[in-house]
Each structure stands twice: as C-alpha cells, then as structure tokens.
Amino acid sequence: MTSLPSKNIWIRRQQCPCGDWKCYVSYEGDAEETSIASQLVKNDMVPSESMVAPYVGMVFKSDDDAFEYYGNFARKNGFSIRKERSRLSPQLGIYKRDFVCYRSGFAPAKKKPIGEHHRDRKSVRCGCDAKMYLSKEIVEGVSQWFVVQFSNVHNHELLEDDQVRLLPAYRKIHEADQERILLLSKAGFPIHRIVKVLELEKGIQGGHLPFLERDVRNFVQNRKKVVQENDALLTEKRENDTLELLEACKTTKETDEDFVYDFSVDENDKVENIAWSYGDSVHAYTMFGDVVYFDTSYRSITYGMLFGAWLGIDNHGRTIFFGCVLLQDETSRSFSWALQTFVRFMRGRCPQTILTDLDPGLIDAIRSELPNTKHVTSIWNIISKLPSWFSLLLGSRYAEFKSEFDVLYHVDTVDEFDLRWNQMLSMFGLGSDKHIALLFSFRASWALSYMRGYFLARMATTAYSKSVDSFLKGVFSAQTCLRSFFEQVGISANFQNHAHLAMQYMRIKTCIPIEDHARSILTPFAFNALQNELVMTMQYATSEMANGSYIVRHFKKMDGEYLVIWIPEDEQIHCSCKEFESSGILCRHALKILIVKNYFHLPDKYFLSRWRRESSPVIYEDNCTQNGEDEWFQEYHCLTETLFSESSITKERSDYVRIELTKELTRLLNEVRNLPEIDGVAMDLTLSPTC
C-alpha cells in the first residue's frame, strides 16, 4: 500500500465546534481535502477502449510520464505494474527503464528458520511476460523516452474493476483521511470502527473505500513506530520555517514602511503566532472596516497551524483583504492575541460587526477583546455543517428538515423563532441532539430575528461567501514552506485589493426620479441593490395610521406587514424590517412611503459614504456620456411608439410593418454582431467589479 507524499497541505478544519473531539465535520465539494475515492470511481468508469495501448516507438517526455501512462492502462485492463530494472551511463544517467506486470518473474525460495513458526505466504508472481521497456535518447538537445519493447500477453487471469482496485498499487490513503484515522485512533476507536466511520462519512458502500481495513491497521501501527522521530523532525522544520517567515516579514518592513507585522513567543522563547498586514489593507480598512469577516476555516497539516484572514467588502461589492494571522492552536488565548493585534494594526479602530465561523473559543475571545462589536456567525458556515450533523441522523427526512431550517432562519420575530424552533424539534425528534443544542445556544449570533439591525454591509450572502472561497483557494495553492506561503498571500492580497474595474452601464428601470438621482451617487453594486428595492415598491400598498406612521403590505401577502415611521421635521424614516440598518440601502417599504410623500431625491443621510462612488480610489469622470445614452434610448422609444401607433390603423399597415421590421431588425442585428466587441469606448464612465 502507498500513501501520498507529504506537502504543506492546507485543509478545512474538520473538528466539530460541539466540543466532542470524536465528532467530525466534512464539507461538500472538497474532494481534494477528503478522499480520492470519487476520483478512483470516476477512473473506473472510463472505458479501456478510450485509452491507446502502448506501442513500440511511442514517445514520452520522461520515464515518470511513461510509468503513469502504463499504470493507468494497466488499471483499465485488470492488472498493476512495477518498476524492475534500470541502466545507468555516465553521459545520459539512467537511460533504460523496464516496467513489468506485478506478476512478472518468480519469488526466490526462502529457507525456513528452524524451530520457529513460519507463516508460509504464497507469492503472486507467476512468470508473466507482460512488459514495457523504454530507452532514453537526446533529440535536438531534449531528452525523450521511447518504447522499445511492449507485450500485453499475460499468463494469468485479468481482474474485474471491483477487484483491480484492491491491488496494493491502487490502495492509497489520502492525507486528509490519514488525519481522520489518527484522530479516531487517538480517541480509542478500533480499526474496524474507524473504517465504518469513514464509509458513513463519505456515503460509500461498505468495502468500497480506496483502501482496506488491513491498510488502515498497518498505517496506524507504522505511524506509532515513527511518531517520535517524525515529531522531532517536524518540530525542527516548523521552527526553522517559522524563523524564515519572520525574517521575510522583517525584510518586507525594510522595503515597505507601511507593512505591519507582529509575533508572540511561548515560554521557551519560540515563535508561536505571527500576524501581518499591508499598507493598502490598512488604508482600505479606514473606508470599509465597518464590517469584518474573520475566516478561520483552514489549517496546515504540515505545521499544525491555523490560518486566519480578516476580510471585508468594498463599495463595489468586492472582497478586500485586511490582514492575516498564523496561530499555533485554536484556544481563546490565541484568538484574543490575534484580535488585539488586528485592532492595533488598524490603528485602534474596532469594526461595528464581525462575522466568524461557529467556534466557541473564538466567540469567547470576541466578547473579551471586542465588547462593543456585534458578533455574527455567518449562515453559510452553519449551512455547510448541516449535512454532517443531520443527513445520516434524519435519512430521507433531511431535505424536509433543511427546508424547515431555512424558513426558521428567515422568520421576523424572536417569539416566532422560539415557537417554530420547538415545533421543529418535536417534528424531527431532535430534542436531545447535541448539535441542535449548540445551534440554539448561539442563536442570537446567526438567526435573522435576533440579529435584525446589525450592520452587515451585504456580506451575509451566498455571493460574498463564494467570493471569499475563491480568494482563499487562490492563497492555498501548494507550497513547501511558510516563506513561499507568505509570498502567495501578498500576491493574492495585492491582486484582490487592486482588481480591475470595468465599465458598466447602469440602466434606468423605473420612471421614479429617486432612481436617476441615486445613479449619479452610488456605485453600480449599491445602485443595483437600491434599484431592485425601487422596482419592488410597485407591489406594495400603504395604510396611514392615526399617529402618522404607515403599515406597508405586499399585495399578495396580506399576512405580512411592516411598520414605517416617518419623521418629517428631521427627514428620518424607519422601517421595522431594518434593512437600512443592516445593509445601508433603503428598503422597498421605506422607499414606498418616500414616493408617497413626493420625494424626488433621497435625503443625503441615506447615501452611506461606504456605498458612494467617491469612496473609490478610482477617479470618476462626469456623466455626459450616460446622459447622451439616455437621450438615445428616449428617441428610440419615441420612434417605436409612433411606428406601432401608425401601423395599428389598418391590417395592411400592420402586416407590412411586421414583415419589413423583422427583416430590418435581423439585418441590423447581423451587422452589429460582425462589429468588434471592444473598441476602447465604453457606454458609461461609472465603474463596477469584474470577476
């Protein structure tokens, strides 16, 4: 059996926040971090006919490429291969390679020790002559490997797909699975139970893991034998690489005075935690540091260190980088140091709101270090854990539970949440479940009814979650040391904070003057959000109350209503949905009342500086082009209205216009499609982010 080579691999934290160290969280879509089982299954499904058999004269760039190709061919055809002989010359180095069937040759006879019990294990070798021999040649200064002999004649039966995967050459334990096996072994699980747990977690039928129970047993036994030696070597590597990282920080500080970093040491004067940030990040925080997402979802297998990234959102809706930290452990003490250091980097300014994963240790640190900051547990971090917690427990009812949980998350009031929570527990029999208890104990940080009014700057969305995930995947490309990781963080942060902004035309969708005024002030990201609310105002009705406030209802949903309070002397408006307090964008209910009050411009206070165009580091030009485009659209609409009005007088006119207009529009469309897509002239001089 083989295992994958050791690298500085970053994987998602798999320890469950419930506190039970035997409990494990897996994540959908992270095949690289869990197991290669799905990849092996996918390989098995590829028909062998789709792969060309090796032949004499076939060329490979290297002997490793040739071995990989022959190995894939062998797997598709029911056998495995091994390396046999190689020849060496002073001029070419290794210039010949022999790859043979795993049953090639014969096992040498062994003498049995006298007086000892000897296990007579039968050899699989039977003199099979299947083989592929290669020779290296230098062609125009480039080394190439040629197949000089090939035979696919076997003197034994070839295996079926469900049997060939059990050959030692194809049984691999992925690094993430190794971590899980060691954790379960440390917790006292017997080997057969470890295998069962892995099968259940991966949703794999019994006996279909890409390794056997005896492979797990051998792995655990071998790891125990070398653990002390490996720990000593790994500790030395960690110390050396950490010092190199610290030296890289010092060098960066010498060349960039705006770069900031700090570190802490343990009782043995060894570096344990390191944090750093960049001048551009600190500057961005002064404009967009009202809401911060502290991501702590990844840790290094090699170094055993947790990576934390402080991220935000700018006025164009882009994820921006504020700073990061490497922590030796996940205790409240380490998190407290990280938060203290971050606030110091940001010149003492604390965020209004901080979003994190569901982590009791981190939550305790936030309460201690950021007592005036609202804490929110990002809902996508909870949703990603639900399958691990409840899919096996609820079975076929899991989809129903997830739907009910989504409704529960969106309820309006605390009382309604508590009522429906108890109903959900009774419905699914979850009254004694530890994960349900964990969610309920922290409900004030994730349920919308409890968080209503917390400023989130539109960061608690699926779109922002995907943006963060994309950024982190860019950071966690394979590195071999902490210094190269430090360099990759710098590259990713610089790219993220200076992403290209492309031109985008912001089209008017309503005839409401508020919309046109807002377009000249807000970025496209913020304007699109406000525009959507304006469009939705048309579906709401208002009822004025005796005290001057209003009840706003959707024309189809009469059971849901919102209270809007209008204070004319201060030009203040408040809605019970608290959308403005949450996103900084006025809601459809408040906008409806302002329209009723004949407002043509929104009061200036309702254009937050964080969403304004002037908050961007980009210089904007005037709107002459956009005004010209509006005039063009108006002229177009006028012509079309006149045409249809004239053509509707008689059937002859109508038929003529229908035929001729179709022909002309088709011709015009074809000509436009033949024009260049980019000519250096944009329709508008407002900016919006591109992916």
Side-chain angles (χ1 to χ4, degrees), residues 12-20 22-29 197 200-203 297 353 355-364 374-454 456 459-465 553-554 556-563 576-579 581-583:
R12 287 184 184 270
R13 292 168 67 189
Q14 298 170 327
Q15 192 62 50
C16 180
C18 69
D20 183 355
K22 301 177 186 178
C23 192
Y24 167 83
V25 176
S26 60
Y27 297 91
E28 297 179 0
V197 168
L200 290 173
E201 289 173 347
K202 298 173 185 299
S297 54
T353 310
L355 290 84
T356 71
D357 198 351
L358 184 62
D359 187 314
L362 177 54
I363 293 171
D364 288 343
K374 303 292 187 183
H375 173 251
V376 173
T377 300
S378 52
I379 188 61
W380 65 79
N381 278 325
I382 290 178
I383 295 298
S384 65
K385 295 178 177 63
L386 294 183
S388 292
W389 288 347
F390 302 114
S391 61
L392 291 174
L393 180 65
L394 297 176
S396 61
R397 298 195 69 193
Y398 172 70
E400 182 186 358
F401 164 80
K402 194 172 181 181
S403 176
E404 181 64 25
F405 187 87
D406 182 66
V407 173
L408 186 70
Y409 170 71
H410 287 97
V411 297
D412 290 329
T413 67
V414 170
D415 291 340
E416 185 182 0
F417 176 90
D418 292 343
L419 175 63
R420 295 199 64 148
W421 181 269
N422 291 326
Q423 291 174 346
M424 184 182 72
L425 264 58
S426 300
M427 184 187 308
F428 297 99
L430 297 172
S432 60
D433 185 84
K434 62 183 178 182
H435 298 121
I436 281 290
L438 177 71
L439 287 173
F440 189 73
S441 65
F442 290 106
R443 64 192 181 282
S445 71
W446 63 265
L448 282 182
S449 56
Y450 283 87
M451 302 186 306
R452 204 168 295 282
Y454 287 16
L456 301 175
M459 284 171 62
T461 63
T462 303
Y464 185 74
S465 164
R553 293 186 180 93
H554 190 272
K556 284 185 177 179
K557 305 172 184 176
M558 300 307 291
D559 56 332
E561 60 184 30
Y562 298 90
L563 175 66
S576 59
C577 78
K578 297 188 177 180
E579 175 63 26
E581 290 82 353
S582 173
S583 68

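Just so it is clear, the model here is predicted, and its values are computed rather than measured. All values below were derived from every heavy atom in this structure, side-chain atoms included, with hydrogens, water molecules and symmetry-related copies excluded.
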Does F440 have R443 sitting over its ring (NZ/CZ under 6.0 Å from centre, angle to axis within 45°)? yes

So among D406, D412, V407, which one has a side-chain contact (heavy atoms from CB on, under 4.5 Å) with H410? D406

Does the distance from a Lys or Arg side-chain N to an Asp or Glu carboxylate O, for E404 and R420, drop under 4.0 Å? yes

May I ask you to test the M424-I436 pair for a side-chain heavy-atom distance under 4.5 Å? yes

Applying the side-chain hydrogen bond (donor to acceptor under 3.5 Å, both in side chains) test to E579, which of S576, S582, S583 qualifies? S583

Just wondering, do L393 and L430 contact through their side chains at under 4.5 Å, heavy atoms? yes

Taking the six-membered ring for Trp, are the ring centroids of Y398 and F390 within less than 6.0 Å of each other? no

Applied to residues 426-441, the salt bridge (Lys or Arg N to Asp or Glu O under 4.0 Å) test, sequence neighbours excluded, yields D20-K434

Is W421 close to L439 at the side-chain level, that is, under 4.5 Å between some pair of heavy atoms? yes

Looking at D418, is its backbone amide N or carbonyl O close enough to the side chain of N422 to form a donor-acceptor pair, meaning the two atoms are under 3.5 Å apart? yes

Is there side-chain contact between E400 and M427, with at least one heavy-atom pair below 4.5 Å? yes

R452 and T413: side-chain contact (heavy atoms from CB on, under 4.5 Å), yes or no, with the steps? CA-CA 9 Å; R452 204 168 295 282; T413 67; over 6 Å; no

Could you walk me through whether C18 and W389 pass the side-chain contact (heavy atoms from CB on, under 4.5 Å) test, one step at a time? CA-CA 10 Å; C18 69; W389 288 347; 5.8 Å; no

Can you find a pair of side-chain heavy atoms, one from F417 and one from L448, that are under 4.5 Å apart? no

Identify the heavy atoms of V411 and S449 that sit nearest to each other, and give their distance. O-CB, 3.5 Å

Correct closest heavy-atom pair for A444 and Y450 would be CA-CB, 3.6 Å

Are side-chain heavy atoms of L408 and Q423 found at a separation under 4.5 Å? no

For the residue pair P387 and S384, what are the closest heavy atoms and their distance? CD-O, 3.6 Å

Return the CD to SG distance between E561 and C577, rounded to the nearest 0.5 Å. 13.5 Å

Which heavy-atom pair separates H375 from T356 by the least distance, and what is that distance? NE2-OG1, 2.7 Å

Donor-acceptor pair, distance only, cut-off 3.5 Å: does the side chain of S445 make one with the backbone of F442? yes

For D359 and G361, indicate whether the former's side chain and the latter's backbone hold a donor-acceptor pair under 3.5 Å. yes

Which class fits the ring pair Y409 and W446: parallel under 30°, tilted 30 to 60°, perpendicular over 60°? parallel

Validation row: Y454, L355 side chains within 4.5 angstrom (heavy atoms): no

Indicate yes or no: at least one non-hydrogen side-chain atom of D357 is less than 4.5 angstrom from one of L362. no

For S378 and N381: C-alpha separation, side-chain torsions, deciding distance, then whether side chain to side chain donor-acceptor pair (under 3.5 Å) applies. CA-CA 6 Å; S378 52; N381 278 325; 2.6 Å; yes

